[in-house]
A.B. asks: 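Got a structure here, written out as structure tokens. Questions coming.
Each chain gets a letter, A, B and so on, in the order the sequences are listed, and its residues count up from 1.
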Amino acid sequence: MLDHDVKYLKFKTYLNTYCPHCHAGFNVEKKDVKQIEFKAIYQGEEIDLYLSPYLDVFEIESSVDIQKDGTLDDLICPHCKKSLLNKETLCGECGSPVAEVIISALSGLIPFFICTKYGCEWHGLTKRDERRIKLKIPRQDMPEQDQTLRVHNFQEVPYGYTTELALLEAGRCLQCKKPLCVEGCPVNVPIPEFISLVAEEKFDEAAKKIKETNLFPAICGRVCPQEAQCEAKCIMGHKDQPVAIGRLERFVADYERKMELVKVPIINHNTQQKIAVIGSGPGGLTVAADMRQLGYAVTVFEALHETGGVLTYGIPEFRLPKSIVQFEINFLKELGVRIETNQVIGNIHTIDELLEEFDAVFIGVGAGLPTFMGLEGESLGNIFSANEYLTRMNLMKAYKFPEYDTPMPKGHSVTVIGGGNVAMDCARTAKRTGADEVTIVYRRSRHELPARAEEVHHAEEEGIKFKLLTNPVKYIGTDFNTVKGMECIKMQLGEPDASGRRRPVPIEGSNFILDTDLVIVAVGTGPNPVIFQSTPDLKRNKWGYIDVNEETNETSKPFVYAGGDIVTGSATVIEAMGAGRIAARAMHEKLTALRKKKTKKASVEK
Amino acid sequence: MFQIVRKQEMAQGTIIRFDINAPKIAKKVKAGQFVIIRVNETGERIPLTVADKDAFAGIITIIFQVVGKSTALMRSLKEGDLIKDVVGPLGRPAEVEDMGTVLMIGGGTGVAILHHVAKAFKEAGNYVISIMGSKDKEMLILENEMTQISDELVITTDDGSYGQRGFVTQPLEKYLSERDDIKLVYAIGPIIMMKNVVKLTKKFDVKTMVSLNPIMIDGTGMCGGCRVKVADETRFCCVDGPDFDGAKVDFDELMNRNSLYLKEEKDSLLFSIR
């Protein structure tokens, strides 16, 4: 008997049962019916007995009618005709004698009990045993575009789960009483609850369950670093691989959208208060949706001509289709959120001017200012910040040049400096626009790569090369002032620094020249100065980001809130959403108190 | 959508003036600030400095030279046509105060931007001396407007077809050596002109502001395409500028960067003709 003898069908854990004496199997499959079949003695007569072979489903049938609460005299193996009764064990629920069969689990054979009291569901498996059985369902991969094809197009790489795969994956969830995954999620999505709904094939309800705390599961399911958040805490991950929470989240969100089950709530209440949201990225959209649903009039100001912030200009189409982002934004518009594009706050309106018209303001402008390394030759042509490269490609659709007017930066041998998700996005975009060779240069080792494992994996599959423990020193230009090479130095890892990562130290004399005709600098971003230029009284922390009260996300200016990268520096989409949620809650509390005070005052005056 | 309420062709159709209905921007824009225009869905984002405004009528004026596909596309627009996106004001305004006497230098289409700045200095109470240069008489723009706001105006043309023959630096040198009350020089025009002006004013130790127009995508501080080296530091023109102290600007680097897309510009133009 091997481990694969336990088969799994849909989300139900399928059990293969065997006789403890002759080791013959009891399972039979007739057409679509799968059953465990054996004999029993009831009132002195031999009868046939059928059990469902699924762990989570109890169904029993017999060839003759058995009265309620009837007890079987014996259970017999149909092959060796020996009695299966276990004399030493009694039913844990009703105390009746029990029969014992064996099933195989992760590390061996374990007994499975069948109570002789007809209809009693006790099976004697401990939670631990159940886990050992469930652990044998492997983590399900998402089907994805073939790697040789996908480097020539911008379509999304993974296709997402099929219903079957989703059910199988959902079956792996242990439904922990104290779910650690929820703690790992910045917005505390009720993960076990939604997965349980998936397992019951209630996909629409599962999507609605997620949306109780996360408004954009189709986006988060795609771009959240689950392996560092919810999935990092999953108990399944200790022994095996964690439940693919992100993939399930994506599945239900896509299901809801594709089946047109998204319902726009009608908002009847009106608080008569107005909210201004600056920036239509993940943080801003969350505040807008939350506050609108609470009855506030919300206006979102976006500096660019397209909405979505980093979701639109930053993350490439093949990782997050823009149609999904626009779907979510249309949802907000249908909710009644006003969106004004081309509005650079700080210039067209200052924060103080906004406060004259609006009752509260949320700043979610992101950390959009690209960082350069200050190397010699950095101003050469064909050296781009990741922001410029991605903005040209994603926002301005330069990859369709000359159909679109913005020129596309093109190179045969492209180098990307940095090891984060943005670096991976740049490298994979360059590959898709026809670069012969794309190399990622990162100063630490593979273990320290800040990018998601999945992105690194995808990049490698697509033929991106990694030059690890390498740092650029200076750029070398052609006579036409474009880059033709990059002098690099080899690094080694020294003592851990303040961030806990081992500090890379240059190895003297290890300099070498890397030939390259396009360089993308993806080494991080800083705070954009525009808001601060016109709002000098906005308190900033030592890194130049906005200082906020951590519990409310309110800034040093009353009624002005902030969240996302402009507070934390470069972080994740879901963290920005989490910050938006905290700000929305605090805003609502403060504005509600204000409203009550006003009505009280008004009634007193009457 | 933003409507073009007036269109004027200058310099034999190579320089175009648009008056655009953009009330919110007109109310806010200050001298030295710019807007970004995207004509249609497939268009580039084009940074253009505002040449004038009428806050009351809600109109901003932009003046541009037709150099490539996007500006050619803009020339094809007629009065009454709509522009998809106009975003602004962007950049930091020119620091305008009453300093006494200021010297304004404009070259080519740079005069369009200079006009707005010079007007602001005049309104602040300064004695405004202006020097404007162009290739020849045909390419000279805004002469009337500049005459109105200048206390003294000198015109130079490279070929001598109008005004003095030569470059703007010649009358500049004369003024600098004759008058010692010039507190500030503002130079806006081709990079080579600004570079030469700065070279000269450095000698006379007069503070000189220049307005830069590097390659730019978003104009809001995001892309870093507009990076320039000022006092050996990387600065972004769109949020730290576009006006900088000319003495500190690395003009050679800027010149190199601005010539990067000539080939693409040609390809794009050919594509649109086809």
A.B. asks: I'd like to check Arg227(B) versus Ile383(A) (side-chain heavy atoms, cut-off strictly below 4.5 Å). Are they in contact?
C.D. replies: yes

A.B. asks: Is Glu41(B) close to chain A through its backbone or its side chain, or both, or neither, when contacts mean heavy atoms under 4.5 Å?
C.D. replies: both

A.B. asks: Can you tell me which of Gly219(B), Cys238(B), Pro89(B), Gly224(B) forms the most heavy-atom pairs within a distance under 4.5 Å of chain A?
C.D. replies: Pro89(B)

A.B. asks: Find out whether Val86(B) and Asn342(A) are in side-chain contact, i.e. whether some heavy atom of one side chain is under 4.5 Å from a heavy atom of the other.
C.D. replies: no

A.B. asks: What's the separation between atom CD1 in Ile217(B) and atom CZ in Arg392(A), rounded to the nearest 0.5 Å?
C.D. replies: 3.5 Å

A.B. asks: Are there over 12 heavy-atom neighbours, none belonging to Glu376(A), within less than 6.0 Å of that residue's CD?
C.D. replies: no

A.B. asks: Between Lys27(B), Lys84(B), Arg45(B), Glu233(B), which residue shows the highest count of heavy-atom pairs closer than 4.5 Å to chain A?
C.D. replies: Arg45(B)

A.B. asks: Within a radius of less than 6.0 Å around NZ of Lys30(B), do more than 12 heavy atoms belonging to other residues, nucleotides or ligands occur?
C.D. replies: no

A.B. asks: Would you say Lys28(B) and Glu353(A) make side-chain contact, with heavy atoms under 4.5 Å?
C.D. replies: yes

A.B. asks: May I ask you to name which of Leu304(A), Val521(A), Val530(A) has the most heavy-atom pairs under 4.5 Å with chain B?
C.D. replies: Leu304(A)

A.B. asks: So which part of Arg92(B) gets closer than 4.5 Å to some heavy atom of chain A, the side chain, the backbone, both or neither?
C.D. replies: side chain

A.B. asks: Does NZ belonging to Lys207(B) count more than 12 external heavy atoms closer than 6.0 Å?
C.D. replies: no

A.B. asks: Would you call Asn256(B) and Ser379(A) a side-chain contact if the rule is heavy atoms closer than 4.5 Å?
C.D. replies: no

A.B. asks: Answer yes or no: is there a donor N or O on one side and an acceptor on the other, between the side chain of Asp405(A) and the main chain of Ser70(B), under 3.5 Å?
C.D. replies: no

A.B. asks: Measure Ile25(B) against the heavy atoms of chain A and call it side chain, backbone, both or neither at under 4.5 Å.
C.D. replies: both

A.B. asks: Rounded to the nearest 0.5 Å, how far does CG of Asn528(A) lie from CZ of Phe236(B)?
C.D. replies: 9.5 Å

A.B. asks: A side-chain contact here means heavy atoms from C-beta on lying under 4.5 Å apart; do Val87(B) and His305(A) qualify?
C.D. replies: no

A.B. asks: Could you tell me whether the side chain of Glu44(B) and the main chain of Tyr404(A) form a donor-acceptor pair under 3.5 Å?
C.D. replies: no

A.B. asks: With respect to Met222(B), which candidate in Thr391(A), Leu369(A), Val310(A) satisfies the side chain to side chain contact (heavy atoms under 4.5 Å, CB included) definition?
C.D. replies: Thr391(A)

A.B. asks: Ile36(B) versus chain A, heavy atoms under 4.5 Å apart: side chain, backbone, both or neither?
C.D. replies: neither

